[in-house]
Amino acid sequence: MRGGGHRLPPSVHHPVTAGCKRKPFAARNQCHYHVKRRKLVIKEEIETLISSRVDELPYSNRFRPVQHSRRHEKKREKLKRGKQLATEEDHREWAFSTSDLSRCKDKEVDHFNGLNNHLKEGGFKGVYKARTGEAYDGCAMFWKDDLFTLLHEENIEFQNFGLRHNIAQLCVLKMNQNHLNSDVATKASRGKKIPPTRSLVVGNIHVLFNPKRGDIKLGQMRLFLEKAHKLSQDWGNIPVVLAGDLNSMPQSALYQFLASSELDVQLHDRRKISRHVEYQSQHRAYIYQNEDVSSSWASRSRPLVHEWSNEELRLATGSDRVTRLQHHLKLCSAYPGIPGSCRTRDNYGEPLATSYHSEFMGTVDYIWHTEELVPVRVLETLPDDILRKTGGLPSKKWGSDHLALVCELAFADDGSSS
């Protein structure tokens, strides 16, 4: 979390209505879940990553007023008498609770101790990894202590591979047995087969920003995916959830690599791997984010071969003789798995914007998961017209230029267990 403050809380929006349909995207090798399969998940009440009671209303979709000082309250009263009081919408902050949607929290932080103390009050535990080099920020991961047990933790220092001072985290978490839902407990009492102990790999990364160093961005992501896959295999082919600031847009080759599991780097310009180009005009940045899907990943229709030096290939693929990247995780981006409003989603189904400042507005943050998990619902980000009214982030009120992403995931069994 840059700046050490709270992230700007997302707002909840209803699914897309008539006249706001998103364009289909056939080029992406993405996971699509059928209605029948999702009904099966809900009907069987498979153990989810968030709550064991399906009738429980998640407090994550609510907000509580910020507790202000007496001096601030007097100021508000004065403004109220002058009919200038801001709405409650302007004085909200995220409210953690025992039924919070985000059981696993991934954050980029530079004030871990304060954040850790705050989350402890909500029953969370966390681990932190600082960046190498002279920077003071890093990555942190938090989980609900009564729901999960940390089995294993690994960190990646990319400088050890000549890939700058960024870092990544990977944790293996096991769901605690005492939080099996009531349906599973009933089946156990009747002698029926119940799901095995649930474990998963959760990863968190902050990819290099520099738009011109696509070789380093790909190299960092390559190592991150390799390590996540190895951990999944070592712990019994368990599901994987990966989140973080990828500093790459949905139109990018890096996004394509994650979604399709492969990438021929010679078909892409190293300086445009992330498509994360800052614009002086906020409007141009917005249009760039929402360009027609058919014009994206142009290398598929115009296979131009780009020159990569041996050093650039080595950083990107691990060898100066390799030009094609591959990974073994069948990943799906969480937000496209849930229908959303055209006010908050782009043509890919991703949020219109997860980051906003004076020179850029677009999506660079994501939640990815393997096929063993199914997205149940997500928390929508702010529509761009509302976001623009903030005048850019961070601000005196909000200490981060990123918006929070939240997703509820369920285990999707293949029928061998219920």
Side-chain angles (χ1 to χ4, degrees), residues 106-110 127-141 152-172 201-235 240-248 252-276 306-329 331 364-366 368 370:
D106 304 293
K107 292 183 179 292
E108 176 197 337
V109 296
D110 47 15
V127 291
Y128 171 67
K129 174 60 181 175
R131 282 185 59 176
T132 55
E134 298 179 356
Y136 292 101
D137 64 314
C139 292
M141 194 180 301
H152 181 76
E153 175 191 0
E154 286 191 29
N155 299 310
I156 303 176
E157 294 184 353
F158 292 113
Q159 68 158 344
N160 295 333
F161 304 90
L163 295 169
R164 301 295 177 88
H165 289 288
N166 301 82
I167 56 93
Q169 295 178 295
L170 288 157
C171 291
V172 177
V201 177
V202 182
N204 184 24
I205 187 173
H206 183 199
V207 173
L208 177 73
F209 166 75
N210 190 344
K212 296 182 179 181
R213 295 309 305 263
D215 52 338
I216 293 179
K217 289 174 181 279
L218 286 174
Q220 291 179 351
M221 187 55 62
R222 168 178 57 84
L223 290 173
F224 186 49
L225 295 172
E226 287 176 357
K227 179 60 69 174
H229 179 252
K230 184 177 186 303
L231 280 177
S232 173
Q233 289 188 315
D234 291 346
W235 289 86
V240 176
V241 178
L242 303 177
D245 180 356
L246 306 188
N247 271 316
S248 300
S252 69
L254 192 143
Y255 187 101
Q256 176 188 354
F257 175 47
L258 285 164
S260 66
S261 300
E262 62 181 6
L263 184 74
D264 188 341
V265 300
Q266 287 188 316
L267 298 182
H268 301 275
D269 187 335
R270 171 182 60 83
R271 297 164 297 181
K272 298 180 181 180
I273 287 294
S274 66
R275 301 292 290 272
H276 187 194
H306 296 271
E307 292 291 335
W308 287 61
S309 69
N310 289 342
E311 175 66 10
E312 291 164 355
L313 284 176
R314 185 187 65 79
L315 292 174
T317 69
S319 171
D320 56 13
R321 298 182 179 181
V322 176
T323 61
R324 183 176 293 273
L325 276 173
Q326 289 184 314
H327 70 81
H328 301 288
L329 294 173
L331 292 172
V364 293
D365 305 280
Y366 307 89
W368 294 81
T370 52

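The structure displayed is predicted, hence computed values, not measured ones.
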Inset, instruction - Take Leu258 and Leu225 through the test side-chain contact (heavy atoms from CB on, under 4.5 Å) and record every step on the way to the result. - result: CA-CA 9 Å; Leu258 285 164; Leu225 295 172; 3.8 Å; yes
Legend entry - Salt bridge Arg324-Asp264, side-chain N to carboxylate O under 4.0 Å: yes
Inset, instruction - Look only at the side chain of Trp235 and the backbone of Val172, and say whether a donor-acceptor pair between them is shorter than 3.5 Å. - result: no
Inset, instruction - Would you check if the side chain of Arg270 reaches a backbone N or O of Lys212 as a donor-acceptor pair within less than 3.5 Å? - result: yes
Inset, instruction - Measure from the side-chain N and O atoms of Arg222 to the backbone N and O of Leu315, and report whether any donor-acceptor pair falls under 3.5 Å. - result: yes
Inset, instruction - May I ask you to decide if Phe158's main-chain N or O and Gln220's side chain share a donor-acceptor pair within less than 3.5 Å? - result: no
Inset, instruction - Working to the nearest 0.5 Å, report the span between CE of Met141 and CG of Asn204. - result: 5.0 Å
Legend entry - Heavy-atom donor-acceptor pair, Asp137 side chain to Arg131 backbone, under 3.5 Å: no
Inset, instruction - Mind checking the OG-NE2 spacing from Ser261 to His328? Nearest 0.5 Å is all I need. - result: 9.5 Å
Inset, instruction - For a side-chain contact (heavy atoms from CB on, under 4.5 Å) with Leu208, tell me which candidate from Asn247, Leu246, Ile216 qualifies. - result: Ile216
Inset, instruction - Answer yes or no: is there a side-chain heavy-atom contact under 4.5 Å between Thr317 and Thr323? - result: no
Inset, instruction - Output yes when a side-chain donor or acceptor of Gln169 lies under 3.5 Å from a complementary backbone atom of Val127, and no otherwise. - result: yes
Inset, instruction - Please test Val265 against Leu325 for side-chain contact (heavy atoms from CB on, under 4.5 Å), starting from the C-alpha separation and ending with a verdict. - result: CA-CA 7 Å; Val265 300; Leu325 276 173; 4.1 Å; yes
Legend entry - For the student: nearest non-hydrogen atoms of Tyr128 and Ala140, plus distance: CD1-CB, 4.1 Å
Inset, instruction - Over all heavy atoms of both residues, which pair between Val322 and Leu313 is shortest? Give the atoms and the distance, please. - result: O-CD2, 3.6 Å
Legend entry - Smallest separation among heavy atoms of Cys171 and Glu153, with atom names: SG-CG, 4.1 Å
Inset, instruction - Write down the atom of Ala316, the atom of Trp308, and the distance for their closest heavy-atom approach. - result: CB-CZ3, 3.9 Å
Legend entry - Distance in Å, Lys227 NZ paired with Asn155 CG, rounded so as to fall on 0.5 Å steps: 10.5 Å
Inset, instruction - Look at the aromatic rings of His327 and Phe257 and report parallel, tilted or perpendicular, splitting at 30° and 60°. - result: perpendicular
Inset, instruction - Would you indicate whether the side-chain heavy atoms of Val207 and Asn166 approach each other to under 4.5 Å? - result: no
Inset, instruction - Taking Thr370 for its side chain and Val240 for its backbone only, find out whether a donor-acceptor pair lies under 3.5 Å. - result: yes
Inset, instruction - Would you name the heavy atoms of Ala168 and Phe224 that are closest together and state the gap between them? - result: CB-CD1, 3.8 Å
Legend entry - Nearest-0.5 Å distance, CG of residue Leu218 to CG of residue Leu163: 10.5 Å
Legend entry - Shortest non-hydrogen separation from Ser248 to Ser274 and the atoms involved: OG-CB, 3.2 Å
Inset, instruction - Could you grab the distance from atom CG of Leu254 to atom OH of Tyr366, nearest 0.5 Å is fine? - result: 8.5 Å
Legend entry - Interatomic spacing from OG in Ser309 to CZ in Arg314 - rounded to 0.5 Å: 9.5 Å
Inset, instruction - State whether Asp215 and Lys217 are salt-bridged, where the test is any N-O pair (Lys NZ or Arg NE/NH1/NH2 against Asp/Glu carboxylate O) under 4.0 Å. - result: no
